Amino acid sequence: QVHLAESGGGTVQPGGSLRLSCQVSGATSNYNYVGWFRQGPGKEREGVATISSDGTLIYYGDSVKGRFSISQDNTENTVELQMNSLKPEDSAMYYCAIQAKGIRGPVLGPAGYSSWGQGTQVTVSS
C-alpha cells in the first residue's frame with residue numbers, strides 16, 4: 001500500500017512562487033504516475049500535473065502550463081510541484097495521489113487516482 005503526504009502550502013501574493021512536496025512511502029513501485037490535483041471551493045477536483053514513476057512522462061493541465069513544474073527525487077521518494085507566477089485563481093487545496101499499476105484512463109483524470117494525501121492549502125492573495 002502507498003501512502004502520500006503533502007506539504008509546502010501557504011499564502012503568497014500574486015506573481016509569487018511556492019514549492020509543494022509530496023512524500024511517497026510504502027509500496028513505492030506499485031504505481032504508473034504520481035499526480036498533483038487541486039480543488040477550490042465549489043469546484044471539481046482538477047488535474048494539475050503528473051509524472052510517471054520513471055520520470056520520463058510528464059503532463060500538465062492547460063491552466064498551469066508554462067508556470068508550474070513537476071519533478072521527482074527518487075532518493076528522497078518525493079514528488080515536487082514548483083509553482084511560479086501564481087494567480088488568485090490558483091488558490092485551492094492541493095493533493096497528490098497515485099495512478100496504480102493496471103489502472104487506465106486520462107493521465108490527469110482524478111477518477112483514476114487513489115491513495116490521496118490529506119492536502120495542503122495554497123492561497124494567492126494580495
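Remember, predicted model here, so these are calculated numbers, not experimental data.
- Here the shortest heavy-atom pairing between S85 and S17 reads N-OG, 4.4 Å.
- Of all heavy-atom pairs between V34 and T50, the closest is O-OG1, 3.2 Å.
- Considering CG of L86 and OG of S91, their distance stands at 8.5 Å, rounded to 0.5 Å.
- Annotation: disulfide bond (SG atoms under 2.5 Å apart) contacts involving residues 82-126, sequence neighbours excluded, comprise C22-C96.
- Taking the salt bridge (charged side-chain N to carboxylate O under 4.0 Å, His left out) definition, one finds that D54 meets it with nothing, sequence neighbours left out.
- At least one side-chain heavy atom of R67 sits less than 4.5 Å from a side-chain heavy atom of D90.
- Among residue pairs with one or both ends in residues 36-73, none qualify as disulfide bond (SG atoms under 2.5 Å apart); sequence neighbours excluded.
- In this structure a side-chain-to-backbone donor-acceptor pair under 3.5 Å is missing from Q118 to A5.
- Judged by distance alone, with hydrogens and angles left aside, the side-chain atoms of Y31 form no donor-acceptor pair with the main-chain N or O of A97 at under 3.5 Å.
- Atom CG of L81 and atom CD1 of I70 lie 6.0 Å apart (nearest 0.5 Å).
- With sequence neighbours left out, the side-chain hydrogen bond (donor to acceptor under 3.5 Å, both in side chains) criterion links S7 to no other residue.
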Table please: side-chain donor-acceptor pairs of residues 119-126 below 3.5 Å, with sequence neighbours left out.
| unit_1 | atom_1 | unit_2 | atom_2 | d |
| --- | --- | --- | --- | --- |
| T120 | OG1 | G9 | N | 3.0 |
| Q121 | NE2 | A92 | O | 3.4 |

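- Evaluation of the salt bridge (Lys or Arg N to Asp or Glu O under 4.0 Å) test over residues 69-87, restricted to residues two or more places apart or in two chains, returns R19-E80.
- Counting only residues at least two apart or in different chains, salt bridge (Lys or Arg N to Asp or Glu O under 4.0 Å) contacts with residues 41-51 comprise R38-E46.
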Chi angles and distances behind the side chain to side chain contact (heavy atoms under 4.5 Å, CB included) call for L20, M83: CA-CA 8 Å; L20 305 184; M83 306 186 296; 3.7 Å; yes
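- With sequence neighbours excluded, no residue forms a ring-ring contact (aromatic ring centres under 6.0 Å, His included) with Y94.
- In this structure Q99 satisfies the side-chain hydrogen bond (donor to acceptor under 3.5 Å, both in side chains) test together with N32, sequence neighbours excluded.
- Sorted pairs that involve residues 102-112 and meet salt bridge (Lys or Arg N to Asp or Glu O under 4.0 Å), not counting sequence neighbours, are lacking altogether.
- Other residues sharing a hydrophobic cluster with L108 under the 4.5 Å side-chain heavy-atom criterion for ILVMFWY residues are Y33, F37, L57, Y59, M93, Y95, V107, Y113, W116.
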